[in-house]
Chemist: 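Before we start, here is the structure in question, set down as structure tokens.
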Amino acid sequence: MRIRLLPEHPDFGFLKRRMIFFAFSVILTAASIGLFLSKGLSYGIDFTGGIMIEVKTPEPNQIGDMRVKLKGLGLGSVELQEFGAPDDILIRIQAQEGGEKANAVAVKAVKEALGEGVEYRRTELVGPKVSDELFWNGVYAVVSAILAILVYIWFRFEWQFGLGAVVALSHDVISTIGIFSLMGLEFNLATVAAVLTIAGYSINDTVVVFDRVRENLRKYKTKPMEELLNESANETLSRTVMTSLTTMLALVALYFLGGEIIRDFAFAMIWGVLIGTYSSVCLAVPLLLHLGVERRSGEDEDKDSKIEQTA
């Protein structure tokens with residue numbers, strides 16, 4: 001039996017409800033910016049510098065004893081967290097004054113305090129200079145990706161499409177930062193990678209809808225623009241929903257079964273797929289109506305096709 005998630009010919013009124021979508025997106029974006037400015041982000045060791053040690057204890061539920069032992073070392077802020085299993089512990093220690101030598105001494109002190117039997121799976125030392133460079137490189141990567149997408153969409157379609165895509169994309173990135181701030185999740189290099197992946201996923205969905213809009217602009221010369229845009233969004237809805245759903249199945253499995261190390265990355269991707277699907281249909285397409293997209297967007301391609309055929 002064939003399972004159908006949507007009607008064969010969906011006719012949802014996305015354009016009629018565009019003001020509701022705009023209001024929701026404005027509130028979401030403003031709340032995300034407000035959270036970032038007031039609460040900030042829980043930056044990982046990649047951006048703050050310090051020591052991260054991943055260990056496996058010989059017996060489960062020893063995190064309390066370990067915390068007491070490490071707090072007595074005078075290393076400043078020490079955080080211990082279970083992940084995956086009760087005997088898997090992640091230790092974070094603030095950067096020590098004195099640079100790499102001081103950090104190495106701190107690692108040695110931790111190993112002596114924990115004693116024999118503990119398996120050290122990973123030890124990372126990140127200095128303040130390196131962490132600062134990593135932070136700004138992450139910012140440059142995200143901004144560069146958004147600008148490159150703007151230029152690409154502008155050349156492929158028209159400036160209205162490019163601006164609509166970048167607004168939707170910025171909405172996805174800002175709301176992802178907001179949800180991380182709200183939930184206090186660690187923001188590290190893996191999260192930056194997730195944000196860049198979200199940007200790529202979101203723009204892929206948006207381009208599919210924009211392609212159908214351009215095709216319909218060539219096909220219908222007199223149909224009202226609002227009706228044409230709404231029809232384009234509905235015609236690509238099945239593809240958009242099915243792609244998001246299948247991607248979501250993999251991400252949910254990754255979130256629950258992939259372990260603590262990539263859980264925040266998987267969460268960012270799940271949120272990104274949800275919000276990216278919403279913005280492609282409910283934000284990017286309705287924005288075209290207010291940006292004044294013109295029917296010559298399709299005529300230009302007709303001319304190009306005729307020139308190619310003549311040549």
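Since the model is a prediction, treat every value here as computed from it, not as a measurement.
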Chemist: Taking the basic N atoms (NZ, or NE/NH1/NH2) and the acidic carboxylate oxygens, is any pair closer than 4.0 Å for Glu158 and Arg214?
Modeler: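 No, this pair does not count.
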Chemist: Drop me the distance from Ile177's CD1 to Leu41's CG, to the nearest 0.5 angstrom.
Modeler: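 Ile177 atom CD1 to Leu41 atom CG measures 6.5 Å (nearest 0.5 Å).
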Chemist: Under a 4.0 Å N-O cut-off, is there an ion pair linking Glu186 with Arg92?
Modeler: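 Arg92 and Glu186: salt-bridged.
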Chemist: Run the side chain to side chain contact (heavy atoms under 4.5 Å, CB included) check on Phe187 and Val192 step by step: do they pass?
Modeler: CA-CA 8 Å; Phe187 196 89; Val192 174; 4.1 Å; yes
Chemist: Going through the checks in order, is the side chain to side chain contact (heavy atoms under 4.5 Å, CB included) test met by Met269 and Thr197?
Modeler: CA-CA 8 Å; Met269 287 299 302; Thr197 310; 3.5 Å; yes
Chemist: Any heavy-atom pair between the side chains of Ser202 and Ser279 that's under 4.5 Å?
Modeler: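 Contact flag for Ser279/Ser202 side chains = yes.
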Chemist: Heavy atoms, side chains only, cut-off 4.5 Å: are Ile275 and His171 in contact?
Modeler: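 In short, these two side chains touch, coming nearer than 4.5 Å.
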Chemist: Set out, in order, the CA-CA distance, both residues' side-chain angles and the distance that settles side chain to side chain donor-acceptor pair (under 3.5 Å) for Ser32 and Ser175, then state yes or no.
Modeler: CA-CA 6 Å; Ser32 298; Ser175 66; 5.5 Å; no
Chemist: Could you tell me whether the side chain of Phe14 reaches within less than 4.5 Å of the side chain of Leu229, counting heavy atoms only?
Modeler: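 Counting from C-beta outward, Leu229 and Phe14 never come under 4.5 Å.
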Chemist: Compare every heavy atom of Asp205 with every heavy atom of Ser244, then report the nearest pair and how far apart it is.
Modeler: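 The pair with the smallest heavy-atom distance is OG-OD2, 4.0 Å.
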Chemist: Could you tell me whether Arg212 and Glu231 make a salt bridge, using a distance below 4.0 angstrom between a side-chain N and a carboxylate O?
Modeler: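 No, no charged N to carboxylate O under 4.0 Å.
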Chemist: Calculate, to the nearest 0.5 Å, the distance between atoms CE and OG1 belonging to Met248 and Thr243 respectively.
Modeler: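 If we round to the nearest 0.5 Å, Met248:CE and Thr243:OG1 are 12.0 Å apart.
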Chemist: So with a 6.0 Å cut-off around OH of Tyr43, is the heavy-atom count from everything else above 12?
Modeler: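 Buried by this count: over 12 neighbours within 6.0 Å.
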Chemist: Tell me the closest heavy-atom pair linking Gly184 and Ser42, and the distance in Å.
Modeler: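 Closest approach of Gly184 to Ser42: O-CB, 3.9 Å.
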Chemist: Could you walk me through whether Tyr120 and Leu114 pass side chain to side chain contact (heavy atoms under 4.5 Å, CB included), step by step?
Modeler: CA-CA 11 Å; Tyr120 295 88; Leu114 296 181; 3.7 Å; yes
Chemist: List for me each residue that meets side-chain contact (heavy atoms from CB on, under 4.5 Å) alongside Val166, sequence neighbours excluded, and say none if there are none.
Modeler: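 side-chain contact (heavy atoms from CB on, under 4.5 Å) list for Val166, sorted by chain: Ile146, Leu150, Ser170.
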Chemist: Would you say that Ile203 contacts Tyr152 through its side chain, given a criterion of any heavy-atom pair below 4.5 Å between the two side chains?
Modeler: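 No, too far: nothing below the 4.5 Å cut-off.
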Chemist: What's the separation between atom CG in Leu287 and atom CZ in Phe21, rounded to the nearest 0.5 Å?
Modeler: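 Reported to 0.5 Å precision, the distance equals 12.0 Å.
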Chemist: Is it the case that one hydrophobic cluster holds both Ile179 and Ile27, taking links as side-chain heavy atoms less than 4.5 Å apart, direct or via other members?
Modeler: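 No, no single cluster joins them.
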Chemist: Could you tell me whether Arg17 atom CZ has more than 12 heavy atoms of other residues or ligands within 6.0 Å of it?
Modeler: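 No - once you tally the heavy atoms of other residues, nucleotides and ligands closer than 6.0 Å, there are 12 at most.
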Chemist: As a quick check of understanding, evaluate side chain to side chain contact (heavy atoms under 4.5 Å, CB included) for Asp211 and Thr236, giving each step before the final call.
Modeler: CA-CA 10 Å; Asp211 261 332; Thr236 54; over 6 Å; no
Chemist: Verify the cluster assignment for Leu147 and Phe161: are they in a single hydrophobic cluster under the rule of side-chain heavy atoms below 4.5 Å apart?
Modeler: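 Looking at the clustering, Phe161 is in the same group as Leu147.
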Chemist: Roughly how far apart are Lys71 NZ and Leu73 CG, rounded to 0.5 Å?
Modeler: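 That separation rounds to 12.0 Å.
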Chemist: Please check if the number of heavy atoms outside Lys56 that lie under 6.0 Å from its NZ is greater than 12.
Modeler: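 Counting other residues, nucleotides and ligands, NZ of Lys56 exceeds 12 neighbours.
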Chemist: Please answer: with hydrophobic residues joined when any side-chain heavy atoms are less than 4.5 Å apart, are Ile20 and Leu283 in the same cluster?
Modeler: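 Different hydrophobic clusters.
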Chemist: Between Phe24 and Tyr278, does a ring-ring contact (aromatic ring centres under 6.0 Å, His included) hold up when you go through it step by step?
Modeler: CA-CA 11 Å; Phe24 170 75; Tyr278 158 79; 5.5 Å; yes
Chemist: Under 4.0 Å between a Lys/Arg side-chain N and an Asp/Glu carboxylate O for Arg122 and Glu54?
Modeler: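 Salt bridge flag = yes for Glu54 with Arg122.
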Chemist: Walk me through whether Thr277 and Tyr201 qualify under side chain to side chain donor-acceptor pair (under 3.5 Å).
Modeler: CA-CA 9 Å; Thr277 303; Tyr201 184 90; 4.7 Å; no
Chemist: Answer whether the closest heavy-atom distance between the side chains of Met225 and Leu289 falls below 4.5 Å.
Modeler: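 A side-chain contact exists here, since the closest heavy-atom pair is under 4.5 Å.
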Chemist: For the residue pair Leu35 and Phe180, establish whether any side-chain heavy-atom pair is separated by less than 4.5 Å.
Modeler: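 Contact flag for Leu35/Phe180 side chains = no.
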Chemist: To the nearest 0.5 Å, how far apart are CD1 in Ile270 and CZ in Phe265?
Modeler: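 Atom-to-atom, Ile270:CD1 and Phe265:CZ are 10.5 Å apart.
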Chemist: Is it the case that the side chains of Ser232 and Asn216 hold a donor-acceptor pair, with the cut-off being a distance below 3.5 Å and no angle test?
Modeler: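 There is such a pair between these side chains.
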Chemist: State whether Tyr255 and Arg263 meet the cation-pi test: NZ (Lys) or CZ (Arg) under 6.0 Å from the six-membered ring centroid, and within 45° of the perpendicular axis.
Modeler: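 Here Arg263 passes the 6.0 Å and 45° test against Tyr255.
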Chemist: From Leu254 CG over to Phe267 CZ, what is the distance, rounded to the nearest 0.5 angstrom?
Modeler: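 Taking CG in Leu254 and CZ in Phe267, the distance rounds to 14.0 Å.
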Chemist: Please check: side-chain N/O of Asn230 versus main-chain N/O of Glu226, any donor-acceptor pairing under 3.5 Å?
Modeler: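 Not confirmed, Asn230 side chain does not pair with Glu226 backbone.
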Chemist: Looking at Lys16, I'd like to know if its NZ atom is crowded, meaning that more than 12 non-hydrogen atoms belonging to other residues, nucleotides or ligands lie closer than 6.0 Å.
Modeler: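 No, NZ of Lys16 has 12 or fewer neighbouring heavy atoms, counting only those of other groups under 6.0 Å.
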Chemist: Evaluate the side-chain proximity of Ile91 to Met66: yes if any heavy-atom separation is below 4.5 Å, no if none is.
Modeler: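 Yes. Closest side-chain heavy atoms under 4.5 Å.
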Chemist: Check whether Val68 and Ile93 end up in the same hydrophobic cluster, where Ile, Leu, Val, Met, Phe, Trp and Tyr are linked by side-chain heavy atoms less than 4.5 Å apart.
Modeler: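 No, no single cluster joins them.
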Chemist: Would you kindly confirm whether Ile33 and Val26 end up in one hydrophobic cluster when ILVMFWY residues are joined by side chain heavy atoms under 4.5 Å apart?
Modeler: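 The answer is no; the residues belong to distinct hydrophobic clusters.
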Chemist: Any side-chain heavy atom of Phe22 within less than 4.5 Å of one from His290?
Modeler: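 Yes, close enough: below the 4.5 Å cut-off.
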Chemist: Okay, side chain of Arg156, backbone of Ile153: is any donor-acceptor separation there less than 3.5 Å?
Modeler: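 No; judged by distance alone, with no hydrogens or angles, the pair does not exist.
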